[in-house]
Enquirer: 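Quick one: this structure, given as structure tokens, is what I'll be asking you about.
None of these values were measured; they are calculated from a predicted model.
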Amino acid sequence: MLFSGKALSVQMLDNGIAELSFDLAGESVNKFNRLTVSEFAQALDAIEASNDIKGLILTSAKNVFIVGADITEFGGAFSAGSEGITELMGKNNHNINRLEDLPIPTVVAINGYALGGGFEVCLGCDFRVMSDEAKVGLPEVKLGLICGWGGTVRLPRLVGVDMAVEWLATGKEQRPDAALTAQAVDAVVASGQLKEAALTLLARAIDGSLDFKARRMLKKSPIPINDTEALMAFFTTKTFVAQQAGKNYPSPVAAVTSIEQGYKLSRDEALKIEEQQFIQCAQSDTAKSLVGLFLADQTLNKVAKGWAKQADKSIERAAVLGAGIMGGGIAYQSAYKGTSVKMKDIAQEGIDLGLKEANKLLSKQVERGRINVEKMGETLNRIEPTLSYDGFDQVDIVVEAVVENSKVKQAVLKEVESKVSADTIIASNTSTISIDLLASSVERPQNFLGMHFFNPVHKMPLVEVIRGEKSSPAAIARVVAYAGKMGKKAIVVQDCPGFLVNRVLFPYFAGFSMLVRDGADFQQIDKLMERWGWPMGPAYLMDVVGIDTGVHAEKVMADGFPQRMGKSFTAASDILYEAKRYGQKTGAGFYRYEEDKKGRQQKIACEESYALLEPHVAARCEFEQDQVIERMMVPMATELARCLEEGIVDSPAEADMALVYGIGFPPFRGGIFSWLDKIGLDVFVNMADKYSALGELYKPTQGMREMAAKGSTYYGNN
């Protein structure tokens with residue numbers, strides 16, 4: 001053994017070949033934390049000191065190769081400024097250069113995910129052999145960053161500028177066939193043959209059959225394109241990338257800039273350009289927000305896994321009550337992820353609608369090449385449509401997804417409880433109705449809770465698991481595990497009207513209603529909030545959700561929180577509801593909707609809605625941009641703070657992720673609590689106090705005022 005550490009080791013194999021194997025102790029995956037980086041340097045010391053090594057193979061003892069850098073180490077280094085960033089990143093940059101400069105050929109066997117820094121170390125090798133089960137990629141832009149260990153330097157010299165830009169600017173994971181076609185890897189083999197194939201290739205490099213020095217020189221030299229070609233390529237590319245990424249996400253353009261400014265230079269000089277671009281990105285608010293969200297997501301996963309480990313029984317057979325769009329979506333998601341599901345409705349029309357929804361979703365998967373026809377058939381076979389309760393005594397969970405009416409739900413819940421076993425979990429997919437209210441209709445409230453999916457189910461990652469007063473920990477644990485099995489992000493919240501996401505969303509809608517009442521143009525509000533980062537403005541969002549749904553939910557919220565969410569005026573949504581303009585579902589709401597050639601709903605501005613609103617609102621007038629944003633965001637932020645203080649949600653991280661996953665809060669802002677930390681609670685409190693005359697929704701909580709006075713933040717020093 002030439003070197004043995006806690007993260008990697010180097011040992012001699014036959015024929016003068018050394019194997020450097022990554023195996024980070026105590027972790028399920030390999031990553032470049034400070035320990036790994038330090039031991040990598042020590043391993044290279046040992047390799048450089050040996051005269052017996054003729055070639056080097058890099059492998060992983062885990063099911064993945066290396067997933068990248070340890071993101072948890074970014075916060076402290078990034079907050080230390082450019083010097084801290086250089087100190088963190090520079091050591092491994094030096095390591096990879098040393099690897100690339102070894103006097104012997106190097107081959108890497110990529111057995112699983114090789115992402116970010118994990119793939120950059122692969123690029124530092126002379127040859128890359130990839131398992132047919134592996135994936136590679138450089139996803140740094142998803143964290144608001146660019147490659148920091150040579151990705152923008154080596155990749156374009158291997159695959160060409162255009163392909164490198166596509167990989168770097170999108171951050172997508174690449175399958176083996178795509179990586180081989182791009183010439184980012186040299187061979188793809190079956191996983192069982194990976195090491196043997198890599199050793200065979202290495203032997204050919206050792207005996208001179210493959211010219212490893214020529215490959216190496218390619219990566220260390222300028223990119224062979226002339227100035228005219230470069231000017232045309234980079235001008236067009238940067239413009240396109242900037243348009244696709246948007247002004248709030250600067251790192252894709254920074255990746256292209258790094259290539260552009262370094263294409264004429266040698267490796268070492270080009271790496272200096274990359275370092276400068278990396279430092280600029282790392283110090284941006286976008287990177288701080290996206291890295292923060294990544295860590296918040298890790299918190300979310302950790303909490304969910306903690307619950308799932310407590311599950312005393314796994315859910316193998318499920319049932320859904322109500323086979324409409326939502327019920328069909330839940331049934332599809334369950335079946336697609338491998339859990340058989342009964343889909344019950346009281347009418348054949350409902351069954352047909354649910355099956356149509358599942359068929360539509362699966363057909364799209366086939367069209368896009370994500371699944372084959374056999375997989376589609378297997379999934380459909382896991383969905384059993386039924387008009388009766390036959391076999392319900394054999395299911396592990398029933399998800400009720402009938403109409404959002406408390407009396408109807410209570411009747412259905414009482415009925416279904418009599419048809420299932422005493423151990424079956426019953427979950428209501430309600431979006432606003434109190435779980436404790438619904439629990440009054442069942443005899444085993446310990447087995448009852450909420451499981452709130454977001455529409456469309458197959459796209460929206462969040463599931464709120466709502467814990468009623470009598471819901472047992474065992475029931476919560478089973479449902480969290482089931483949500484994870486369905487590929488969803490589960491957040492456990494306490495019961496209250498609207499739970500977490502809708503409780504926070506409706507104050508946002510209330511801010512919108514008051515702006516329109518006071519003369520603001522709803523189109524101007526939409527444009528400003530979309531520019532602020534929301535995927536769609538509030539009027540458009542109401543149309544998509546359904547104005548009838550919104551009006552009903554708003555009443556539930558007003559009944560639950562009359563002091564804050566009750567209103568003394570006729571809102572725009574009420575007016576459109578009375579006119580039966582329910583949004584996209586009826587072809588008209590705030591906007592008019594028509595299908596394009598591909599069957600997608602297109603939003604069209606129209607005067608009819610303005611005419612309906614005019615008698616009930618102030619004369620139309622222009623509002624300052626900041627005023628609109630503040631009046632929209634203050635109610636949402638204060639309500640989320642109340643939820644945290646009341647224990648509806650356990651942590652700022654879970655709350656922020658719920659809004660990002662549930663309603664598309666702008667990721668580059670990092671979540672509500674992250675946004676509040678950035679602007680400062682003292683600034684926010686002063687902002688809110690300007691609008692105190694608008695009502696209780698605009699009044700910060702006492703906890704917020706105390707934190708503002710102390711200079712505290714929600715995330716502390718993290």
Side-chain angles (χ1 to χ4, degrees), residues 31-34 36-37 66-97 115-121 123 137-155 165 167-171 238 241-242 245-262 269-298 533 656 666-671 674-675 677-679 713 715-718:
K31 54 189 173 183
F32 275 121
N33 57 10
R34 290 183 184 273
T36 306
V37 170
I66 301 173
V67 295
D70 186 347
I71 311 301
T72 63
E73 296 179 346
F74 281 7
F78 287 10
S79 62
S82 58
E83 290 183 4
I85 297 168
T86 300
E87 189 273 333
L88 178 71
M89 304 303 293
K91 292 177 181 178
N92 214 37
N93 227 334
H94 183 54
N95 284 341
I96 296 174
N97 287 349
L115 302 175
F119 188 48
E120 285 175 289
V121 78
L123 294 174
L138 297 165
E140 285 84 354
V141 293
K142 295 180 180 179
L143 293 176
L145 302 169
I146 68 166
C147 296
W149 291 328
T152 68
V153 176
R154 294 183 177 93
L155 187 65
V165 166
W167 282 36
L168 291 162
T170 63
K238 284 175 75 173
V241 169
K247 65 185 177 76
N248 298 312
Y249 296 92
S251 60
V253 173
V256 181
T257 301
S258 181
I259 301 174
E260 179 185 25
Q261 294 183 359
E269 292 300 312
L271 285 171
K272 293 177 183 177
I273 301 294
E274 181 183 82
E275 180 185 39
Q276 293 167 4
Q277 292 295 324
F278 183 91
I279 289 172
Q280 288 181 22
C281 289
Q283 294 179 309
S284 69
D285 284 341
T286 297
K288 292 171 186 173
S289 295
L290 295 179
V291 168
L293 284 182
F294 177 89
L295 297 175
D297 187 57
Q298 297 294 95
D656 278 347
F668 71 90
R669 296 193 183 276
S674 178
W675 173 63
D677 282 356
K678 286 188 183 72
I679 66 173
T713 61
Y715 283 97
N717 295 322
N718 294 329

Enquirer: Any heavy-atom pair between the side chains of Val141 and Leu168 that's under 4.5 Å?
Expert: no
Enquirer: Could you measure the distance from the CZ atom of Phe278 to the CD1 atom of Ile146? Nearest 0.5 Å is fine.
Expert: 7.5 Å
Enquirer: Is the side chain of Asn93 donor-acceptor paired with the backbone N or O of Gly148 at a distance under 3.5 Å, no angle test?
Expert: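 Pair found, side chain donor or acceptor close to backbone of Gly148.
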Enquirer: Identify the two heavy atoms, one from Ser289 and one from Arg669, that lie closest to each other, and give their separation to 0.1 Å.
Expert: OG-C, 3.4 Å
Enquirer: Is any NZ, NE, NH1 or NH2 atom of the basic residue among Glu275 and Lys272 found under 4.0 Å from an Asp or Glu carboxylate oxygen of the other?
Expert: no
Enquirer: In the structure I gave you, are the side-chain heavy atoms of Asp70 and Phe32 within less than 4.5 Å of one another anywhere?
Expert: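 No. Closest side-chain heavy atoms not under 4.5 Å.
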Enquirer: Closest heavy-atom contact between Gln277 and Ala254?
Expert: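 Smallest heavy-atom distance, with atoms named: OE1-CB, 3.6 Å.
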Enquirer: Are Glu73 and Asn33 side-chain neighbours, meaning at least one heavy-atom pair lies under 4.5 Å?
Expert: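 The answer is yes; the side chains approach within 4.5 Å.
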Enquirer: Does some side-chain heavy atom of Ile66 sit less than 4.5 Å from a side-chain heavy atom of Phe119?
Expert: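 Not touching, per the 4.5 Å side-chain cut-off.
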Enquirer: Does any non-hydrogen side-chain atom of Met89 lie less than 4.5 Å from one of Trp149?
Expert: yes
Enquirer: Output the distance between atom OG (Ser251) and atom CD (Glu140), rounded to the nearest 0.5 Å.
Expert: 9.5 Å
Enquirer: Looking at Lys238 and Val256, what are the two nearest heavy atoms and their distance?
Expert: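 Taking every non-hydrogen atom into account, CG-CG1, 3.3 Å.
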Enquirer: Of all heavy-atom pairs between Thr286 and Pro250, which one has the smallest distance, and what is that distance?
Expert: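 Closest approach of Thr286 to Pro250, heavy atoms only: OG1-CD, 4.0 Å.
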Enquirer: Would you say that Thr72 contacts Phe294 through its side chain, given a criterion of any heavy-atom pair below 4.5 Å between the two side chains?
Expert: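 No, side chains not in contact.
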Enquirer: For residues Gly262 and Ala270, report the shortest heavy-atom separation together with the two atoms involved.
Expert: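 Distance-wise, the nearest heavy atoms are O-CB, 3.7 Å.
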Enquirer: As an exercise, state the distance from CD1 of Ile85 to CD of Gln283, rounded to the nearest 0.5 Å.
Expert: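 It comes to 4.5 Å.
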Enquirer: Taking atom types as modelled, is there a side-chain donor on Lys288 or Ser284 under 3.5 Å from an acceptor on the other?
Expert: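 Note: Lys288 and Ser284 side chains miss the donor-acceptor criterion.
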Enquirer: Where is the tightest heavy-atom contact between Gly150 and Leu271, given as atom of each residue plus distance?
Expert: CA-CD2, 3.5 Å
Enquirer: Strictly by modelled atom types, are Ser258 and Glu274 linked by a side-chain donor-acceptor pair under 3.5 Å?
Expert: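 Note: Ser258 and Glu274 side chains miss the donor-acceptor criterion.
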Enquirer: Parallel, tilted or perpendicular for Phe668 and Tyr249, by the 30°/60° rule?
Expert: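 Plane angle over 60°, so perpendicular.
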Enquirer: May I ask you to check whether over 12 heavy atoms, not counting those of Lys91, lie within 6.0 Å of atom NZ?
Expert: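 No, the 6.0 Å shell around NZ holds no more than 12 heavy atoms from other groups.
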Enquirer: Measuring from atom SG of Cys281 to atom CG of Leu143, what distance do you get when rounded to the nearest 0.5 angstrom?
Expert: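 Output value for this atom pair is 11.0 Å.
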Enquirer: I need the Asn92 CG to Asn97 CG distance, nearest 0.5 Å.
Expert: 10.0 Å
Enquirer: How many angstroms lie between OG1 in Thr170 and CG in Leu138, if you round to the nearest 0.5 Å?
Expert: 9.5 Å
